[in-house]
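Working notes for the structure below.
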Amino acid sequence: MNKSTIALCAALALFLSACGTQSAVVETAAPAESSGLVAAKAKFSGYTAADFAAGQALYQGNCGRCHGLYGPRSHSEAQWAEVVPRMVVKANKKAEATVISPEGEQLIVRYLFAASN
Ligand code: HEC
């Protein structure tokens, strides 16, 4: 293989991988672009995959301490909006510290929305 063939292959590989990424978003949603994440991004301005991961970590780390973790689809969006703030008070009281801040509470609510869509 001479140098220009290698350069051509590299360019082709880049081109193909770029195409692959795009079609993954449109057709078969990869985990990072699940329908729930797309829905959450549309609903909450500036919402990112990192917000999703942070909300999930807060939920899994704090919300199964006194009972099992409820599935995101076990409650409607309106029910979560009522239950989560109530439970955040319990979680912080039990920990005797602010383990879930107001921002964390919002991340959990948004995670539950994203994970149930
Ligand atoms: C300190 C213990 C404790 C922690 C931590 C806790 N819960 Fe609860 N949870 C309870 C108790 C007690 C109940 C039943 C009484 C009630 O509903 O208030 C309950 C009930 C629930 C229910 C069913 C109530 C309903 O109205 O449907 C959901 C859903 C729930 N918790 C979610 C959460 C989430 C989300 C978190 C994390 C933010 C969490 N819990 C953290 C103690 C806890």
Side-chain angles (χ1 to χ4, degrees):
M1 237 191 251
N2 63 29
K3 265 190 190 159
S4 62
T5 313
I6 293 170
L8 186 68
C9 287
L12 194 65
L14 257 178
F15 175 70
L16 289 176
S17 65
C19 289
T21 314
Q22 266 203 339
S23 67
V25 172
V26 176
E27 292 158 20
T28 50
E33 284 294 338
S34 66
S35 61
L37 184 57
V38 171
K41 282 181 173 176
K43 193 176 168 86
F44 313 119
S45 95
Y47 193 75
T48 63
D51 291 333
F52 180 94
Q56 182 178 45
L58 276 173
Y59 180 70
Q60 292 177 350
N62 295 291
C63 299
R65 291 222 164 123
C66 305
H67 45 66
L69 281 176
Y70 286 79
R73 292 200 174 118
S74 68
H75 289 63
S76 69
E77 194 186 346
Q79 288 170 325
W80 281 126
E82 181 270 318
V83 172
V84 173
R86 202 154 60 75
M87 291 298 146
V88 166
V89 172
K90 285 189 198 287
N92 288 341
K93 216 178 241 176
K94 183 176 169 88
E96 294 180 353
T98 305
V99 288
I100 306 172
S101 67
E103 293 75 34
E105 180 179 306
Q106 187 186 63
L107 284 169
I108 291 174
V109 170
R110 291 179 173 189
Y111 156 72
L112 290 166
F113 171 82
S116 56
N117 276 274

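Position 1 is the first residue of the sequence; numbering continues from there. Quantities reported herein were computed from a predicted structural model and do not represent experimental measurements.
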[atom1]/[X] to [atom2]/[Y] distance, rounded to the nearest 0.5 angstrom?
X      : Y      : atom1 : atom2 : value
Glu103 : Asp51  : CD    : CG    : 11.5 Å
Phe113 : Phe52  : CZ    : CZ    : 11.5 Å
Ile108 : Met87  : CD1   : CE    : 12.0 Å
Lys90  : Ile100 : NZ    : CD1   : 13.0 Å

Exercise. How are the rings of Trp80 and Tyr70 set relative to one another: parallel (under 30°), tilted (30 to 60°) or perpendicular (over 60°)?
Worked result: perpendicular
Problem set entry | Donor-acceptor under 3.5 Å (Ser76 side chain, Gln79 main chain) | yes
Exercise. Is Phe44 reachable from Val109 through a run of I, L, V, M, F, W or Y residues, each pair having side-chain heavy atoms under 4.5 Å apart?
Worked result: yes
For [X] and [Y], work out which heavy atoms get closest and say how close.
X      : Y      : value
Ser116 : Arg73  : O-NE, 3.3 Å
Pro72  : Tyr111 : CG-OH, 4.3 Å
Leu58  : Val99  : CD2-O, 4.0 Å
Leu107 : Ala54  : CD1-CB, 4.1 Å
Gly64  : Leu69  : N-CD2, 3.5 Å

Problem set entry | Val83 and His75: CA distance, side-chain angles, deciding distance, side-chain contact (heavy atoms from CB on, under 4.5 Å) verdict | CA-CA 9 Å; Val83 172; His75 289 63; 4.2 Å; yes
For this session: Decide yes or no on side-chain contact (heavy atoms from CB on, under 4.5 Å) for Cys66 and Lys94, but give the supporting numbers first.
Result: CA-CA 9 Å; Cys66 305; Lys94 183 176 169 88; 3.7 Å; yes
